[in-house]
Amino acid sequence: MLSRRHAALAVLTLVSTGAAFAHGPTRQKVVEKITIDAPAEAVWAQLKDFDALAKWHPAVEASPADQGNTEGSVRTVKLKGGGGLVETLEKYNAQAKSYTYRAKDGGALPVTNYLSTLSVSDDGGKSTVEWRGAFYRAYPNNNPPPDQNDEAAVKAVTGVYQSGLANLKKLVEKK
């Protein structure tokens with residue numbers, strides 16, 4: 001028969017082992033790329049302004065940025081049909097044709113701690129646009145509801161990237 005001390009140790013071991021297997025959300029990542037039949041400069045001209053999202057993304061109604069392309073600039077994205085989010089420009093590099101922004105609260109997206117980079121590279125007279133993001137699902141605890149789980153977060157961000165890049169391609173190649 002186990003002594004109370006041994007029983008307590010056994011319970012403590014089981015509890016601590018179980019706690020090691022329990023965890024919250026893991027960081028999710030999405031990377032989407034598209035090739036556009038236009039020089040990188042022409043593509044960058046469409047993307048380069050932090051407040052230009054409404055000019056090329058079909059889901060965005062307005063995207064004013066309070067300080068333009070200055071790091072720390074805050075962009076308020078208003079979506080067509082309602083909803084939105086607030087993003088802060090973290091890094092801007094016109095020479096590299098790239099910028100990175102963050103949204104602590106995903107707003108209309110089921111994500112938190114969202115960090116994204118949009119970049120354009122020359123691909124022999126054509127351009128490759130890469131939109132990459134890393135984020136956590138909106139629900140921080142275990143057993144999230146279906147609309148706030150990892151799959152919902154990845155699906156939402158993938159949809160945003162794919163629809164934006166497809167529309168950008170259409171706009172730039174039409175010119």
Side-chain angles (χ1 to χ4, degrees), residues 25 27-138 147-148 150 152-175:
R27 192 169 191 210
Q28 303 298 307
K29 295 178 182 173
V30 171
V31 178
E32 290 293 327
K33 293 182 182 182
I34 196 164
T35 300
I36 298 177
D37 191 12
E41 288 298 331
V43 176
W44 180 242
Q46 291 292 313
L47 299 176
K48 69 179 181 178
D49 293 326
F50 188 52
D51 64 358
L53 188 60
K55 294 178 183 174
W56 60 270
H57 199 292
V60 178
E61 184 176 310
S63 56
D66 67 354
Q67 298 175 50
N69 294 337
T70 303
E71 291 175 11
S73 180
V74 176
R75 173 170 74 184
T76 305
V77 179
K78 182 179 178 187
L79 301 174
K80 295 176 181 172
L85 60 156
V86 177
E87 301 167 331
T88 303
L89 186 61
E90 298 263 315
K91 190 185 309 181
Y92 187 89
N93 188 332
Q95 186 175 358
K97 298 177 185 63
S98 172
Y99 61 82
T100 299
Y101 59 94
R102 175 181 304 277
K104 290 182 182 176
D105 171 0
L109 295 174
V111 302
T112 60
N113 295 314
Y114 168 79
L115 182 69
S116 183
T117 299
L118 192 57
S119 61
V120 181
S121 59
D122 180 42
D123 194 10
K126 295 182 180 188
S127 301
T128 298
V129 180
E130 179 180 275
W131 203 350
R132 71 174 42 241
F135 47 87
Y136 292 90
R137 67 178 183 233
D147 63 335
Q148 294 180 24
D150 290 339
V154 169
K155 182 179 179 182
V157 173
T158 299
V160 167
Y161 290 5
Q162 288 177 346
S163 64
L165 292 174
N167 198 58
L168 175 67
K169 177 179 176 80
K170 188 169 57 172
L171 287 172
V172 174
E173 289 182 352
K174 186 169 73 171
K175 290 184 177 186

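Only heavy atoms go into these numbers, but all of them, side chains included; no hydrogens, no water, no symmetry mates. Just so you know, residue 1 is the first one in the sequence shown, and it goes up from there.
- Annotation for Ala62 and Pro64: closest pair C-CD, 3.6 Å, computed over non-hydrogen atoms.
- A heavy-atom distance below 4.5 Å is not found between the side chains of Lys97 and Asp122.
- Nearest approach of Ser63 to Asp51, heavy atoms of both residues: OG-O, 2.9 Å.
- A centroid separation of less than 6.0 Å is found between the aromatic rings of Phe50 and Tyr99.
- Between the side chain of Ser98 and the backbone N or O of Ser119, no donor-acceptor pair lies under 3.5 Å.
- Checking side-chain atoms of Glu71 against main-chain N and O of Tyr92 turns up a donor-acceptor pair under 3.5 Å.
- Between Asp49 and Asn69 the shortest side-chain heavy-atom distance falls below 4.5 Å.
- Rounding to the nearest 0.5 angstrom, the gap separating the OG atom in Ser121 from the CH2 atom in Trp44 is 11.5 Å.
- Counting only distance, with no hydrogens or angles, the side chain of Asp66 and the backbone of Val74 share a donor-acceptor pair below 3.5 Å.
- Glu173 places a side-chain N or O within 3.5 Å of a backbone atom of Asp37 that can act as its donor or acceptor partner.
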- Message: Under the criterion side-chain contact (heavy atoms from CB on, under 4.5 Å), I'd like the reasoning laid out for Arg27 against Tyr136: C-alpha separation, chi angles, the key distance, then a yes or no.
- Response: CA-CA 5 Å; Arg27 192 169 191 210; Tyr136 292 90; 3.8 Å; yes

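- Listed here is the closest heavy atom pair of Ala103 and Val86: CB-O, 3.5 Å.
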Residues 109-117, side-chain donor-acceptor partners within the protein, below 3.5 Å, at least two apart:
unit_1 : atom_1 : unit_2 : atom_2 : d
Thr112 : OG1    : Arg137 : O      : 3.4
Tyr114 : OH     : Tyr101 : OH     : 3.3
Tyr114 : OH     : Ser116 : OG     : 3.4
Tyr114 : OH     : Tyr161 : OH     : 2.9
Ser116 : OG     : Tyr101 : OH     : 3.3
Ser116 : OG     : Trp131 : NE1    : 3.0
Ser116 : OG     : Arg132 : O      : 3.0
Ser116 : OG     : Tyr161 : OH     : 3.0
Thr117 : OG1    : Thr100 : OG1    : 2.8

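- Of all non-hydrogen atoms in Val43 and Ser127, the two that sit nearest each other are CG2-OG, 3.5 Å.
- Remark: side-chain polar atoms of Lys169 are paired, donor with acceptor, to backbone N or O of Thr35 under 3.5 angstrom.
- Residue Leu85 comes nearest to Gly106 through the heavy atom pair CB-O, 3.7 Å, listed as atom of the first residue, atom of the second, then distance.
- Between Glu61 and Lys80, none of the side-chain N atoms (NZ, or NE/NH1/NH2) sits under 4.0 Å from a carboxylate O, so this pair counts as no salt bridge.
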- Message: Could you walk me through whether Leu168 and Ile34 satisfy the side-chain contact (heavy atoms from CB on, under 4.5 Å) test, starting with their C-alpha distance in whole Å, then the side-chain angles of each, then the deciding distance to 0.1 Å, before giving a yes or no?
- Response: CA-CA 9 Å; Leu168 175 67; Ile34 196 164; 5.7 Å; no

- Query: Does the pair Lys170 and Asn167 meet the rule for a side-chain contact (heavy atoms from CB on, under 4.5 Å), with working shown?
  - Reply: CA-CA 5 Å; Lys170 188 169 57 172; Asn167 198 58; 3.4 Å; yes

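- Put simply, CG on Leu165 and OG1 on Thr128 are 11.0 Å apart, with the number rounded to the nearest 0.5 Å.
- Put simply, the residue from Lys104, Arg75, Arg102 that forms a side chain to side chain donor-acceptor pair (under 3.5 Å) with Glu87 is Arg75.
- With a 4.5 Å cut-off on side-chain heavy atoms, Val30 and Phe135 count as touching.
- A pairwise comparison of heavy atoms in Leu89 and Gly68 identifies CD2-O, 4.2 Å as the closest pair.
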